[in-house]
Amino acid sequence: MSTAQQPDPRDRPARLAVGVVGAGRVGPVLAASLQLAGHRPVAVSGVSDASRRRAALMLPDVPIVPPAEVLQRADLVLLTVPDDTLPGLVEGLAETGAVRPGQLLVHTSGRYGAKVLDPALRAGALPLALHPAMTFTGSPVDVQRLAGCSFGVTAPDELRLAAEALVIEMGGEPEWIAEENRPLYHTALALGANHLVTLVAQSMELLREAGVEAPDRMLGPLLGAALDNALRSGDGALTGPVARGDAGTVAAHVAELRAHAPQTVAGYLAMARATADRALARGLLKPELAEDLLGVLADGASGTPGAPGPQGTEGDAG
């Protein structure tokens with residue numbers, strides 16, 4: 001067995017000096033993952049105490065400096081700021097001469113493609129939009145979660161290989177998104193991930209009020225199976241009282257929500273109507289049962305008690 005010392009990844013040629021503008025939950029994690037691939041984090045900017053603590057945790061010994069100085073030190077700059085802040089930040093950096101020709105400028109916004117970086121492009125920067133389709137905590141566990149994570153990538157054709165290489169080095173899988181499709185792409189992710197968190201939080205609150213001591217433990221296997229089935233089968237995974245046409249059960253749900261959590265009624269009704277439409281189109285919900293069900297949902301929206309229709313059989317989990 002050879003005892004020769006393996007080369008340190010940091011000694012590889014063509015490694016980049018990495019800077020982060022915006023030490024939120026995403027930037028320091030991506031910089032840490034690039035560090036594992038042999039790149040060198042050299043500077044980070046952060047304003048709030050929380051962002052500074054996060055930078056110190058994820059990128060120890062990396063100096064915290066103003067954004068312009070981050071660009072001065074780095075070959076690859078990660079712009080990880082809120083969507084609404086990004087256009088003004090890019091314009092400001094370009095107007096003040098902070099952008100250097102040949103510098104890789106990467107933003108992680110799902111909403112925008114590469115075009116938002118046009119001011120920096122005119123200053124000679126190389127623009128990349130790399131959006132990790134992942135929810136972040138801003139802690140070291142996120143680096144592990146990047147393994148196999150899809151990245152929505154938009155970049156000029158001549159930078160395609162560079163974009164793919166960076167994503168792969170972070171452990172991700174590049175998924176190319178056309179510039180004009182970025183808003184739709186981001187809408188789809190937010191619809192699934194962000195609203196899921198709200199639904200789960202509401203469900204846990206209701207279970208606690210019903211006396212369940214460990215709602216997370218109760219929901220874990222159920223939601224895990226539901227998500228897996230949905231990803232595998234789409235609408236074919238629909239189940240529960242709406243898909244079965246159990247109008248009486250749905251009316252009882254609405255009544256309980258009005259009594260215990262009235263702020264959740266509108267969301268429940270909206271999702272129930274959307275579920276009914278998809279179940280009808282799929283042939284899972286029988287048209288003769290849909291009429292009573294939709295009547296209950298309409299009554300629920302108007303605030304009047306729904307008249308329970310015929311009870312469905314409890315053939316699967318509600």
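Just so you know, these numbers use all the heavy atoms, side chains as well, and skip hydrogens, waters and symmetry mates. A quick note: this is a predicted structure, and the numbers were derived from the prediction, not measured. Counting from 1, the numbers follow the sequence of the chain as shown.
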- Query: Considering residues, nucleotides and ligands other than R100, do more than 12 of their heavy atoms fall under 6.0 Å from its CZ?
  - Reply: yes
- Sorted by first residue and then second, give each salt bridge (charged side-chain N to carboxylate O under 4.0 Å, His left out) pair with at least one member in residues 123-132; sequence neighbours left out. none
- Rest of the hydrophobic cluster containing V197 (Ile/Leu/Val/Met/Phe/Trp/Tyr, side-chain heavy atoms under 4.5 Å)? none
- Item | Exam field: side chain S33 to backbone V143, donor-acceptor pair closer than 3.5 Å | no
- Query: Passes side-chain contact (heavy atoms from CB on, under 4.5 Å), V65 versus R73? Steps please.
  - Reply: CA-CA 10 Å; V65 299; R73 298 185 182 199; 3.9 Å; yes
All N/O donor-acceptor pairs, side-chain side in residues 90-97, below 3.5 Å, sequence neighbours left out:
{"residue": "T96", "atom": "OG1", "partner": "G92", "partner atom": "O", "Å": "3.0"}
{"residue": "T96", "atom": "OG1", "partner": "L93", "partner atom": "O", "Å": "3.2"}

- Hey, what do you get for CG (L79) to CG (L105), rounding to the nearest 0.5 Å? 4.5 Å
- Query: Backbone N or O of L71 within a donor-acceptor pair of the Q103 side chain at under 3.5 Å?
  - Reply: yes
- Which residue pairs satisfy the salt bridge (charged side-chain N to carboxylate O under 4.0 Å, His left out) criterion with at least one member in residues 230-242, sequence neighbours excluded? D228-R232, D235-R278
- Item | E213, CD atom: more than 12 neighbouring heavy atoms under 6.0 Å | no
- Are I168 and L76 in one and the same hydrophobic cluster, where Ile, Leu, Val, Met, Phe, Trp and Tyr link if side-chain heavy atoms are under 4.5 Å apart? no
- So, do D75 and V42 sit near enough that their side-chain heavy atoms are less than 4.5 Å apart? no
- Identify the heavy atoms of A272 and V242 that sit nearest to each other, and give their distance. O-CG1, 3.5 Å
- Task: Taking all non-hydrogen atoms of both residues into account, name the closest pair between V20 and P28 and its distance.
- Result: CG1-N, 4.3 Å
- Which atom pair, heavy atoms only, marks the closest approach of T137 to D142? N-OD2, 2.8 Å
- Task: With sequence neighbours excluded, tell me which residues meet ring pair (Phe, Tyr, Trp, His ring centres under 6.0 Å) with Y268.
- Result: H253
- Determine which pairs satisfy salt bridge (charged side-chain N to carboxylate O under 4.0 Å, His left out) with at least one residue from residues 45-64, sequence neighbours left out, and list them in order. none
- Note on the structure: Tightest non-hydrogen contact, residues G245 and L293, listed as CA-CD2, 4.4 Å
- Query: Which salt bridge (charged side-chain N to carboxylate O under 4.0 Å, His left out) pairs, counting each pair once, include a residue from residues 109-126, with sequence neighbours left out?
  - Reply: D84-R111, K115-D118
- Message: Counting C-beta onward and ignoring hydrogens, is there a side-chain heavy-atom pair between P174 and L130 closer than 4.5 Å?
- Response: no
- Applying salt bridge (Lys or Arg N to Asp or Glu O under 4.0 Å), name anything that partners E175, two or more places apart in sequence or on another chain. none
Please set out all donor-acceptor pairs under 3.5 angstrom arising from side-chain atoms of residues 145-163, sequence neighbours excluded.
{"residue": "T154", "atom": "OG1", "partner": "I177", "partner atom": "O", "Å": "2.7"}
{"residue": "T154", "atom": "OG1", "partner": "R182", "partner atom": "NH1", "Å": "2.9"}

- Quick one: closest heavy-atom pair of V44 and A23, and the distance? CG2-CB, 3.9 Å
- Using a 4.5 Å side-chain heavy-atom cut-off and chaining through intermediate ILVMFWY residues, the residues clustered with L191 come out as none
- Side-chain cluster (under 4.5 Å, hydrophobic types only) that L231 belongs to, other residues: L227
- Query: Under the 3.5 angstrom rule, does the side chain of S203 hit a backbone N or O of V200 as a donor-acceptor pair?
  - Reply: no
- Residues in ring pair (Phe, Tyr, Trp, His ring centres under 6.0 Å) contact with Y185, at least two apart in sequence or another chain: H131
- Between H107 (side chain) and G113 (backbone), is there a donor-acceptor pair under 3.5 Å? yes
